[in-house]
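From a predicted model like this one, the values you see are computed outputs, not experimental measurements. Atoms within a ligand are numbered from 1 in the order they appear, just like the ligands themselves.
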Amino acid sequence: MPSFDKLASKYKSLRLNSTAESLTDIVRMAESNELSYIQFADILVTHELSSRDEKRILQNMKRAAFPILKHLEEFDYHFQTTVTKKQISRLLDFTFIDNRENIIFIGTPGVGKTHLAIGIGIKTVEAGYKVMFTTAMALIETLELAELKGELKKKINAILKFDVIIIDELGYLPMNRKGMFNLFQLINALYEYRSVILTTNKNFTSWGDFFFDDNVAVPVVDRLIHHSHIFMLGGDSYRLKQKISA
Ligand code: ADP
Ligand code: MG
């Protein structure tokens, strides 16, 4: 009979590391439960697969680069009443990703736009998708840097590898012509191919202001809102509420 050590190193040579580590436990468990051969074979492979899933999700959580972890479970729908839990929960069947639909949160500061975007983003990663979080500012900077290096296409292709791209705070600051053009290229590439979750403090009608030019604002807005779930969040700032009650 092979020793556990020898067996484990054979598993490791096939990169079945998780199985190698748990081999003793799995075998003992199978013996004491008198599992059939087929049950045992199933447990071995299921163990390896689920541990790979877990690792991948952890990795994707890091890659998502959420600036802070905000969970949907912590969102108070009694305070923010212009969106319902049902509306948000409905998105969590993730058909919006398969249908390449966007989610847009519009509202003044503090109404919970970023919280909802990150909350949905975390659930999306947990469901096995790849998510990328960025602020609009950082995104424009990244694109500009790539363009300077002659690598705009490459950068856009790298972004397209994510299933969902969260762009936070579009419209807080005006952008220059170049930034606007690069962003347009990206939105164009994402259109009907990947899902965007967008937060903005500006209503669509005033997007011309920060896009510098209505000729670009109109097609960008058009692409973003076509096939999208739009939430106009009203009410008071949660930050203000916390200040007042403190
Ligand atoms: P916005 O992006 O709309 O400016 P945030 O989502 O950043 O606002 O919310 C500001 C702060 O208030 C965050 O710490 C967020 O977690 C919290 N917050 C906002 N709305 C709610 C809510 N309805 N329930 C719980 N926390 C909230
Ligand atoms: Mg925000």
Side-chain angles (χ1 to χ4, degrees), residues 60-92 94 96-97 101-127 129 131-143 159 162-175 179-180 183 186-187 190 194-211 217 220-221 224-225 228-246:
N60 286 342
M61 200 64 109
K62 277 193 200 141
R63 287 205 188 115
F66 296 117
I68 184 169
L69 293 183
K70 293 280 178 183
H71 294 95
L72 288 179
E73 288 78 7
E74 293 149 13
F75 197 77
D76 181 359
Y77 294 92
H78 295 293
F79 183 79
Q80 175 46 270
T81 54
T82 59
V83 62
T84 64
K85 188 173 179 182
K86 201 168 167 187
Q87 284 174 307
I88 297 299
S89 304
R90 225 183 267 144
L91 298 168
L92 303 179
F94 305 107
F96 80 92
I97 300 173
E101 293 161 353
N102 300 331
I103 301 173
I104 304 178
F105 295 108
I106 304 175
T108 50
V111 294
K113 303 181 297 295
T114 303
H115 189 136
L116 288 170
I118 292 177
I120 293 170
I122 292 172
K123 293 276 184 227
T124 306
V125 171
E126 286 170 353
Y129 295 96
V131 176
M132 170 188 152
F133 179 100
T134 176
T135 62
M137 279 279 286
L139 180 63
I140 286 161
E141 262 177 42
T142 305
L143 293 177
I159 294 173
F162 292 91
D163 301 297
V164 176
I165 293 89
I166 302 179
I167 305 175
D168 196 29
E169 299 189 348
L170 189 67
Y172 280 69
L173 290 169
M175 56 185 117
M180 175 188 79
L183 191 65
L186 175 68
I187 300 290
L190 291 168
R194 290 291 182 249
S195 292
V196 175
I197 301 179
L198 182 81
T199 84
T200 174
N201 60 341
K202 284 220 172 59
N203 214 329
F204 297 119
T205 48
S206 45
W207 278 33
D209 300 348
F210 69 87
F211 266 107
V220 168
V221 171
L224 284 172
I225 65 176
S228 73
H229 305 262
I230 300 175
F231 298 93
M232 309 277 258
L233 302 184
D236 297 326
S237 163
Y238 195 87
R239 293 193 190 98
L240 215 60
K241 166 199 136 108
Q242 282 180 322
K243 268 236 169 77
I244 291 166
S245 57

For the pair Glu73 and Lys123, evaluate salt bridge (Lys or Arg N to Asp or Glu O under 4.0 Å) and give the outcome as yes or no after the intermediate values. CA-CA 11 Å; Glu73 288 78 7; Lys123 293 276 184 227; 2.5 Å; yes
Applying side chain to side chain donor-acceptor pair (under 3.5 Å), run through Asp168 and Thr199 and close with a yes or a no. CA-CA 5 Å; Asp168 196 29; Thr199 84; 2.5 Å; yes
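The distance criterion of under 3.5 Å between nitrogen or oxygen atoms is met by Lys113 with respect to ligand 1. Ligand 1 has a nitrogen or oxygen under 3.5 angstrom from a nitrogen or oxygen of Gly110. Residue contacts with ligand 1: Leu116 is placed with no nitrogen or oxygen under 3.5 Å of a nitrogen or oxygen of the ligand (distance criterion only). No N or O atom of Phe79 sits closer than 3.5 Å to an N or O atom of ligand 1.
Residue-ligand proximity: Val111 is placed with a non-hydrogen atom under 4.0 Å from ligand 1. Ligand 1 lies within reach of Pro109, whose nearest heavy atom is under 4.0 Å from it.
Closest to atom 2 (O) of ligand 1 among all protein heavy atoms lies Thr114 OG1, 2.7 Å. When only non-hydrogen protein atoms are considered, atom 23 (N) of ligand 1 lies nearest to Asp76 O, 2.9 Å. The single protein non-hydrogen atom nearest to atom 15 (C) of ligand 1 is His115 ND1, 3.4 Å, given as residue, atom name and distance. For atom 12 (O) of ligand 1, the closest non-hydrogen atom on the protein side is Tyr238 CD2, 3.2 Å. Closest to atom 7 (O) of ligand 1, if we only count protein heavy atoms, is Arg239 NH2, 3.2 Å. Protein heavy atom closest to atom 8 (O) of ligand 1, with residue, atom name and distance, is Gly112 N, 3.3 Å.
Taking the six-membered ring where the residue is Trp, Phe94 and Phe96 present tilted rings, their angle falling between 30° and 60°.
Side-chain atoms of Lys70 do not come within 3.5 Å of backbone N or O of Gly119 as any donor-acceptor pair. Using modelled atom types, one side-chain atom of Thr200 and one backbone atom of Leu170 make a donor-acceptor pair closer than 3.5 Å. Side chain of Gln80 to backbone of Gly234: a donor-acceptor contact under 3.5 angstrom is found. Between the side chain of Lys113 and the backbone N or O of Thr108, at least one donor-acceptor pair lies under 3.5 Å. With hydrogens and angles ignored, the 3.5 Å screen pairs no side-chain donor or acceptor of Arg194 with any backbone N or O of Ile165. Here the side chain of Asn60 pairs no donor or acceptor atom with the backbone of Val125 at under 3.5 angstrom.
Taking the six-membered ring wherever Trp is involved, the centroid distance between the rings of Phe75 and Tyr77 falls below 6.0 Å.
Interface of Lys70 with ligand 1, defined as ligand atoms under 4.0 Å from a residue heavy atom, comprises 13 (C), 14 (O), 15 (C), 16 (O).
Closest heavy-atom approach to atom 25 (C) of ligand 1 within the set Gln80, Glu74, Lys241, His71: this belongs to Glu74.
Counting backbone and side-chain atoms alike, Thr114 contributes an N/O/S atom closer than 2.8 Å to the Mg ion (ligand 2).
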